[in-house]
Amino acid sequence: MLDIDRILNVLEEHRVKYIIIGGTAAILQGSAHLTMDLDICYARDRENLASLVRALSPFAPYLRGAPRDLPFIFDAKTLENGLNFTLSTDVGDIDLIGEVYGIGNYANVLEFSEVLEIYGFKCYVLTLKGLIKTKSLLARPKDTLILTELAALQKMRETYEF
Amino acid sequence: MDTYQSEEQDAVQKAREEGIDITLLYENLRRRPTERVENFKRWLSFVGGLKKARKNGSLNVRYR
């Protein structure tokens, strides 16, 4: 099962530059949808890639859906040579996203993020505006389903004080 | 009703018409982010339990 607090703990401990996006960001913004994984957008500078590898390596990450005997080395070079990685780990499924569709890389996504306190950590989370932007452009059936809810949440947050 | 109120009602009304439970969203917004994650984890645990039960054959569902 997805162990979010443990994952956040190691990411913070290793000072990884990341932004929570996708379904978990939607939940953090008030959505009633369920998701089974944690999507994060990560900064692709060398220092951050090394930090990310140090943080997640103890959880034995491997490519989700790939045969267990398929060679996969989770290191900075692998991350540098790719962009988006869908991983299974001992603490749940984690997607590492280098570029968010319709928004861009870590620096671009940061502009559509806000800081939320989760388990005592101050984490960057994609805003409702950012979620709506990327999901409108993706326009997959699952995105269309959640868009109406996100728009309602945005209006409710603008209208009422929580 | 001014345009802003009209727009607000449109988005929420549309969601309601599409079957979204607005009361759930309202309650979620009242919670702190950590509470939202904790709530979500409880659901994940429940779903995980169901999956395990189905795998073990201990979940019997009868359809009428």
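Here is the naming used below: chain letters follow the sequence lines, and residue numbers restart at 1 for every chain.
- A 6.0 Å sphere centred on CD1 of A:Ile73 holds no more than 12 heavy atoms belonging to other residues, nucleotides or ligands.
- Both B:Val47 and B:Val37 are members of a single hydrophobic cluster when ILVMFWY side chains are connected at heavy-atom separations under 4.5 Å.
- The environment of A:Arg64 atom CZ is dense: over 12 non-hydrogen atoms of other residues, nucleotides or ligands sit within 6.0 angstrom.
- Hydrophobic clustering of Ile, Leu, Val, Met, Phe, Trp and Tyr side chains at less than 4.5 Å, counting indirect connections, unites B:Leu50 with B:Leu44.
- Against chain B, the residues from residues 19-52 of chain A that qualify, each with a non-hydrogen atom under 4.5 angstrom away, are A:Ile27, A:Leu28, A:Gln29, A:Gly30, A:Ser31, A:Ala32, A:Leu34, A:Thr35, A:Met36 in number order.
- A continuous path of Ile, Leu, Val, Met, Phe, Trp and Tyr side chains, each step under 4.5 Å between heavy atoms, connects B:Leu25 with A:Tyr160, placing both in one hydrophobic cluster.
- With a 4.5 angstrom heavy-atom cutoff, B:Glu27 does not touch chain A via any of its atoms.
- In terms of heavy-atom pairs under 4.5 Å with chain A, the best-connected choice from B:Asp21, B:Leu29, B:Ile22 is B:Leu29.
- Of the two parts of B:Ile20, only the side chain, counted from C-beta on, holds a non-hydrogen atom closer than 4.5 Å to a non-hydrogen atom of chain A.
- With respect to the salt-bridge test (charged N to carboxylate O, under 4.0 angstrom), the residues A:Asp5 and B:Lys41 qualify.
- A:Ala151 approaches B:Ala11 most closely through the heavy-atom pair O-CB, 4.0 Å.
- Listed by sequence position, A:Leu116, A:Glu117, A:Ile118, A:Tyr119 are the residues of residues 107-141 of chain A in contact with chain B, using a 4.5 angstrom heavy-atom cutoff.
- Within 6.0 Å of the CZ atom in B:Arg31, the count of heavy atoms belonging to other residues, nucleotides or ligands exceeds 12.
- In the hydrophobic clustering of this structure, A:Tyr62 does not group with A:Leu83; members are Ile, Leu, Val, Met, Phe, Trp, Tyr whose side-chain heavy atoms approach within less than 4.5 Å, directly or through other members.
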